[in-house]
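Everything below concerns the one structure shown next.
All values below were derived from every heavy atom in this structure, side-chain atoms included, with hydrogens, water molecules and symmetry-related copies excluded. The chains referred to below are lettered A, B, ... by the order of the sequence lines, with proteins before strands, and numbering in each begins at 1.
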Protein chains: 2
Amino acid sequence: MSRSNPRVLSTLERAGGFASAQEVYRLMQREGESIGLTTVYRSLQSLVNDKIVDVLRRDDGEAIYRLCGDAHHHHLVCKGCGDTVEIEGGAIEKWALNVAKDHGFREVGHTAEIFGLCSKC
Amino acid sequence: MSRSNPRVLSTLERAGGFASAQEVYRLMQREGESIGLTTVYRSLQSLVNDKIVDVLRRDDGEAIYRLCGDAHHHHLVCKGCGDTVEIEGGAIEKWALNVAKDHGFREVGHTAEIFGLCSKC
DNA sequence: TCACAAATGAAAATGATTTTCATTTCCATA
DNA sequence: TATGGAAATGAAAATCATTTTCATTTGTGA
């Protein structure tokens, strides 16, 4: 394992808290930082593990990393522009728990994402 | 442009209306169909253009194709043995729609999956 | 200073997807 | 029935993000 290179997180922040690994890398290069693409990927993965950033997917499949609050939440993502809204999932939490219990499951978790076209697209 | 090879659609249907291009290809091969991977990709793209199938992304970024208008369901997956239960998502459908509409989104879709440990594990 | 673990990054490997391009299949019309 | 061109096909190469490998460098505690 490796710890995250702090410059990666700071760059992601400067990028508006929303960028792909390749973009973070290019940004750092442009700013004269000396870093390898491998390290960028490793750092971002590490940040994801530590729940400091979220990872989503663009329509073309490229992973985009995004700073996130620590509360458990879900995303409403625009298929057009990639704009993302963090949403509360109260209803889903209960649904997931109930369904799982009905089937005798323990240690329950879930994933959920909503996507569509935002009003601007 | 090219039209969709009908065998691709029929295979996607047989796959439960939910599969990646690679999976459709492997399935057709296994069933003795003679078809190229390129044609599978082109056919799926064409089906997407014609709004006959939807395209989503797996967590690993692989594109998965799904028949539109298919009554879709969700999965309850055991982290231990991988056992999967198909579940109805009535509550989620409404939740997703409402949340999306609240934010002015159109053409709304969603993904949701529940995981945990089943009673045997 | 020494030894060793962690971090780094260049280059190669991987895997999905797209592009290229030569060939084959269709089909309408002469 | 022949023929010419458009559409379809697929093998192989190209792309591109991401991961892996591995040799080197850096940092740290003894």
- Message: I'd like to know if the side chain of B:E23 reaches the main chain of B:S20, judged simply by a donor and an acceptor atom lying under 3.5 Å from each other, with no hydrogens or angles considered.
- Response: yes
- Message: Rounded to whole Å, how long is the line connecting atom CG of B:L37 with atom C1' of C:dA16?
- Response: 9 Å
- Rounded distance (Å) that lies between atom P of D:dA6 and atom CZ of B:R3: 15 Å
- Message: Given C:dA16, D:dT18, C:dT8, identify the nucleotide with an atom nearest to the side chain of B:R26.
- Response: C:dA16
- Query: Among A:R14, A:R7, A:E13, which residue meets the side-chain hydrogen bond (donor to acceptor under 3.5 Å, both in side chains) test with A:S10?
  - Reply: A:R14
- Task: Indicate whether OP1 or OP2 belonging to D:dT9 is found under 4.0 Å from a side-chain N or O atom of B:R42.
- Result: no
- What does A:N5 touch in the nucleic acid at a heavy-atom separation under 4.0 angstrom: a base, only the sugar-phosphate, or nothing? sugar-phosphate
- Message: In this structure, how many angstroms lie between the C1' atom of D:dG10 and the CZ atom of B:R7, rounded?
- Response: 12 Å
- Query: Rounded to the Å, how far apart are A:Y25 OH and D:dC16 P?
  - Reply: 16 Å
- Which part of the nucleic acid, if any, lies within reach of A:I35 when heavy atoms closer than 4.0 Å are counted: base, sugar-phosphate only, or nothing? sugar-phosphate
- Message: On the side chain of B:S20, is there an atom forming a donor-acceptor pair with the base of C:dA16 - under 3.5 Å, no angle test?
- Response: no
- Message: With a 4.0 Å cutoff (strictly under), does any side-chain N or O of A:Y41 reach OP1 or OP2 of D:dT18?
- Response: yes
- Query: To the side chain of B:E62, which of C:dT17, D:dT19, D:dT18 is closest?
  - Reply: C:dT17
- When you get a sec, tell me which of D:dA8, D:dT18, C:dG9 is the closest nucleotide to the side chain of A:A63? D:dT18
- Query: Minimum heavy-atom separation for A:R57 to B:D60, with atom names?
  - Reply: NH2-C, 3.4 Å
- Message: Considering every strand and a 4.0 Å limit on heavy-atom distances, what is the contact class for B:E23: base, sugar-phosphate, or nothing?
- Response: nothing
- Item | Protein-nucleotide distance (A:L47, atom CG; C:dA7, atom P), rounded to Å | 13 Å
- Item | Electrostatic pair A:D54:A:R66 at N-O distance under 4.0 angstrom | no
- Rounded to whole Å, the CD-P distance (A:Q45 to D:dT18) equals 10 Å
- Spacing of A:Q29 atom CD relative to C:dA10 atom C1', expressed in whole Å: 13 Å
- Task: Write down the atom of A:R3, the atom of A:S46, and the distance for their closest heavy-atom approach.
- Result: C-OG, 4.0 Å
- Roughly, in whole Å, what's the span from CZ in B:R57 to C1' in C:dG15? 13 Å
- Message: By nearest atom, which of the nucleotides D:dG10, C:dA11, D:dT18 is closest to the A:T38 side chain?
- Response: C:dA11
